[in-house]
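So the structure is just underneath, and the comments pick up after that.
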Amino acid sequence: MDAVTLRHMAADRGIALSEEQMAQFEKYYELLVEWNEKMNLTGITEKSQVYEKHFYDSITPAFYYDFTNVESVIDVGSGAGFPGIPLKICFPSLKLTILDSLNKRLVFLQEVARQLELKNVEFVHGRAEDAGRDKKYREQFDMAIARAVARMNVLTELCIPFVKPGGVFLVMKGANVEEELNEGKKAIKSLGGKTEKVETFELPEEQSERNIIIVRKQEKTPAVYPRKAGTPAKKPLV
């Protein structure tokens, strides 16, 4: 996929990208490749694959959920900035918080935000279990989003505590999510959520399956969650 195709496919879904926004994607690609030589950010560096598997894939949630009504988003375990930074490029008014446990990745993302001149982006170094208990972040966001960070029964406990009641937890997954959804039922209910819908599609060129799970937060998360760092992974709610 090239930049022109990305722009056309976004436009087909109602996302009009300006020349400035396309220049931001191009600069993001250049920085990703440059910094990847110094640290392990991604195994995907070939330009057409970055545009499809990182940039296009990152904006697909906006094909199935109206981001024009989302004010604040926390990207949990963002890694090299996916999906948070591409979504921020497409929707500049988003107040984006990026949470990651590895500080050197955040140093890279701070440089991306500086060079792309992105405003209202906050970077938080820490574990989701700790940040999810912090009053500054707990139940403060319209949306928590995560892209293939962990299994649903673990990821739910890491992410839903950040979401305001009435907001959404949006999960980006690959193929065959049915098993994960079944595993995650108890965690979703225990944390105050309910699965609203699952959208399944394929990447346009590679044709690999992708799934977007939208969980609506119906009530406040019990104070016991998230449990202390490491516990959700070791003892998932099942």
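Heavy atoms only: backbone and side chains are in, while hydrogens, waters and symmetry mates are out. Predicted model only: the values in this text are computed from it and were never measured.
Taking the six-membered ring for Trp and thresholds of 30 and 60 degrees, Tyr28 and Phe55 have nearly parallel ring planes, at less than 30 degrees apart.
When only modelled atom types and interatomic distance are considered, Glu46 and Tyr51 share no side-chain donor-acceptor pair under 3.5 Å. A donor-acceptor contact closer than 3.5 angstrom links the side chains of Glu122 and Tyr137.
For the pair Ser78 and Asp75, the tightest heavy-atom approach, listed with the atom from each and the gap, is OG-OD2, 2.7 Å. Nearest heavy atom pair, residue Leu181 against residue Val198, reads CD1-CG2, 3.6 Å.
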Residues 82-91 side chain polar contacts: donor-acceptor under 3.5 Å, at least two apart:
from  : atom 1 : to     : atom 2 : distance (Å)
Lys88 : NZ     : Pro92  : O      : 2.7
Lys88 : NZ     : Leu94  : O      : 2.6
Lys88 : NZ     : Lys119 : O      : 2.5

Taking distance alone, no hydrogens or angles, what donor-acceptor pairs closer than 3.5 Å link side-chain atoms of residues 170-179 to residues at least two apart or in another chain?
from   : atom 1 : to     : atom 2 : distance (Å)
Lys173 : NZ     : Ala150 : O      : 2.4
Lys173 : NZ     : Glu180 : OE1    : 3.0

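Ion pairing between Lys27 and Glu20 fails under the 4.0 Å rule for side-chain N and carboxylate O. Using a 4.0 Å cut-off between a side-chain N of Lys or Arg and a carboxylate O of Asp or Glu, Lys47 and Glu26 qualify as a salt bridge.
More than 12 heavy atoms of other residues, nucleotides or ligands lie within 6.0 Å of NZ in Lys38, so this atom counts as buried by the packing criterion. Crowding of Lys164 atom NZ: a count of heavy atoms from other residues, nucleotides or ligands under 6.0 Å exceeding 12. Annotation for Glu205: atom CD counts as buried by contact number, over 12 foreign heavy atoms lying within 6.0 Å.
If you look at Phe201 and Phe63, their ring centroids are not closer than 6.0 Å.
A donor-acceptor pair is defined here as one N or O able to donate and one able to accept, closer than 3.5 Å; such a pair exists between the side chain of Gln21 and the backbone of Ser18. Side-chain atoms of Arg210 never come within 3.5 Å of backbone atoms of Glu202 as a donor-acceptor pair (strictly under, hydrogens ignored).
Placement of Met143 and Leu96 within a single hydrophobic cluster is found when ILVMFWY residues are connected by side-chain heavy-atom separations under 4.5 Å, directly or transitively.
For the pair Arg105 and Phe123, the cation does not sit on the ring face, since its NZ or CZ is not both under 6.0 Å from the ring centre and inside 45° of the axis.
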